[in-house]
Amino acid sequence: MTQTNAARVRFAPSPTGLTHLGSGRTALYNYLLAHQTGGQFILRIEDTDQKRFNPDAEQDLTSSLQWLGLPWGEGPGVGGPHAPYYQSQRMEIYRQHAEELVERGKAFYCFCTPAELDAVRKAQQEAKQPPHYSGKCRDLPLAEAKQRVAAGETHVVRFKAPKDGSITVHDELRGDITVENRTIDDRVLLKSDGHALYHLAAMVDDHLMDITHVLRGEEWLPSLPLHVHIYEAFGWPQPKWIHLSVFLKPSGKGKMSKRETEAMKLTGQSIFIQDLAAMGYLPEGVLNWIALMGWSYDDKTEFFTLPDLIEKFDISKLNPSPAAIDFKKLDHFNGLHIRALPAEELARRLLPFFEKAGYQADPAVVTRITPLIQERIVTLDDAPEIAGFFFRPSVDVPAEKLLIKDKSAAESAAALAKALAVLEALPELTAAAAEAPMRAAADELGIKAGALFTQLRNATTGQEISPPLFESMELIGRETVLARLRAGLDALSKLS
Ligand code: GLU
C-alpha cells in the first residue's frame, strides 16, 4: 500500500527517561511516512505528568533525533501552526474539550473521594473483579453536578464509556478488533487539579493537529477502543491507527526490564541512542538496523540509507510480531555503512574517537589512515585500537613478540637487522619502494616473507594485526619506523 496523500504524523514521547531504540524506531517510521508522502513529521512533547517530566530526558530526546538525522518539521524549537507543542502548555485546550464532552453527555463530573475509590477497588479485588469505576457519579443530573463544581467541590472529569454492545476498531496491521463495551472503564480525562491525562490530551491534539496516521507502540493497543469512543464522542473522523510491535530482549524472552537495561551496559551493549553514538555506531547503521526490526522490503535487500527507506517504506509491510534485539546485526549494518561512507567523511567522524582515546590526532593524518582501516573496523571506536600506533611516539613491544616462528633469538635478530639495513638504504620509505626489496631480503634469509612481515609489523605497529604493513610504514614516516625497528632490534639482542 503506497501512501499517496500527504500524511501528518507525530512522534509524541513523554520525556521521562533516556531515548531508546523503540522510540527511535517509532520516530523513524513516522518520519518515513511523512517524507514519502510529502507530509509533515511533528514532534509533540507529552509532559502532562509533571511529576515524571525530566528536562534531561527532553534534551536527550532532541539530541537523539538530531543525531539519527530525523528533524521534525513542527514542534519544539521550530514552532508551527499548532503551537504550542508541549502538552503542559495546552491545558486550557484540554479543559475546554473536557467540558464540551460533559455538555454533550459523553463525560461527567465525578466527586468520589480517594478513600471511596480505594474501598471500591478493594471490594472488587476481593470479588476477583477487574478494577473499574463504580458508576456512582455517572448519572448525576448535570445541573446538580455543575452546582457542586461551582461550590468548589473537588472533582475529576470521567469519560462516560458506552456500556452496551460492542465496538470494532481497526488497526492497519492487525485488522479489526472487537471488544465488549462493558469492559471499557470510565477513565479519568481531567484530574482534580485540572490537568488532562493522556487519553484526553493525545486525542484532542491528534485531532487539532490534523494527524492522519497514529503510529505508536503496541502498549497502547488495549486503549484503542477507549480512544475510538472518545473520537466518536466528539464526532471527529478517526486517523489510521498503527500499533508497532514491541522489542524483546536479545534472548527473545520477554521485554527488557530497567535493571536488565542497566546490566546490559556493563557488557558494552546498550539500547539507548546516545550510548550507541558514544560507542561509535553510525546513525546510518542504527537507522538501517531499527528500520528492519518490524519492517521488511523483500527477503534480499538489507542495505538501506535514509533516502532508500523514504522511497521504499510501506506500512503494509510492517510486521506486528515482536522483534528480538540482535546486536550482531547492528555490528553487521554498521560495518556496511562504514564501508559505504566516503573516506573523507569517515575520517571526519573518526577524529573525535582518536581524541577521546587520548591521541593528538592530526586530521590530515587521520584522512590518510582512513582508507587503510575502513575495511577493518566495525565501529568508529575500533579505530584508535587498530590505528592508535600511528600517533604514539613509540611502541613498546615485548622482545618475544619479535621472534620469528621456528627461529632462534639470534636468527630473529639477524633477520630484523637485515630488514632494517634494507629500509635504511632506501632513499625514501614508500610502500611501493619497500615491498619488493623486503621480499627479496626474506628470500635471502631463507624465511617466508609472511613470517618476516609479522616480525616487522610487531616492531613497527606494536600489534599483530594492523592495516597493510608497507602503507602503514609510509604513513608513520621513515625516521619513526627506523627508530621503532632499532628499538626492536635492541630488545631482541638482549634476549639472545
Ligand atoms: N506519550 C506516549 C508515550 O510516550 C505517546 C503515545 C503516542 O504516541 O500516542 O508512550
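Note that ligands are numbered from 1 as they come in the structure, with each ligand's atoms numbered from 1 the same way. As the structure is a prediction and not an experimental result, all values here were calculated from the model. Excluded from the calculations below are hydrogen atoms, water molecules and symmetry mates; all remaining heavy atoms, backbone and side chain alike, are included.
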Backbone of Tyr281 reached by a side-chain donor or acceptor of Asn334 within 3.5 Å:
no
Would you please name every residue forming a side-chain contact (heavy atoms from CB on, under 4.5 Å) with Asp56, sequence neighbours left out?
Asn54
Should the ring pair Phe159 and His229 be called parallel, tilted or perpendicular, given that the plane angle runs from 0 to 90° and is split at 30 and 60?
tilted
Is Arg10 salt-bridged to Glu46, cutoff N-O under 4.0 Å?
no
Got the residues with a heavy atom under 4.0 Å of ligand 1, by chain and number?
Arg10, Ala12, Pro13, Ser14, Glu46, Tyr198, Arg216, Trp220
Residue set satisfying ring pair (Phe, Tyr, Trp, His ring centres under 6.0 Å) with Trp289, at least two apart, ordered chain then number -> Phe327
Taking ring pair (Phe, Tyr, Trp, His ring centres under 6.0 Å) as the test, write out the residues that go with Phe11, two or more places apart.
none
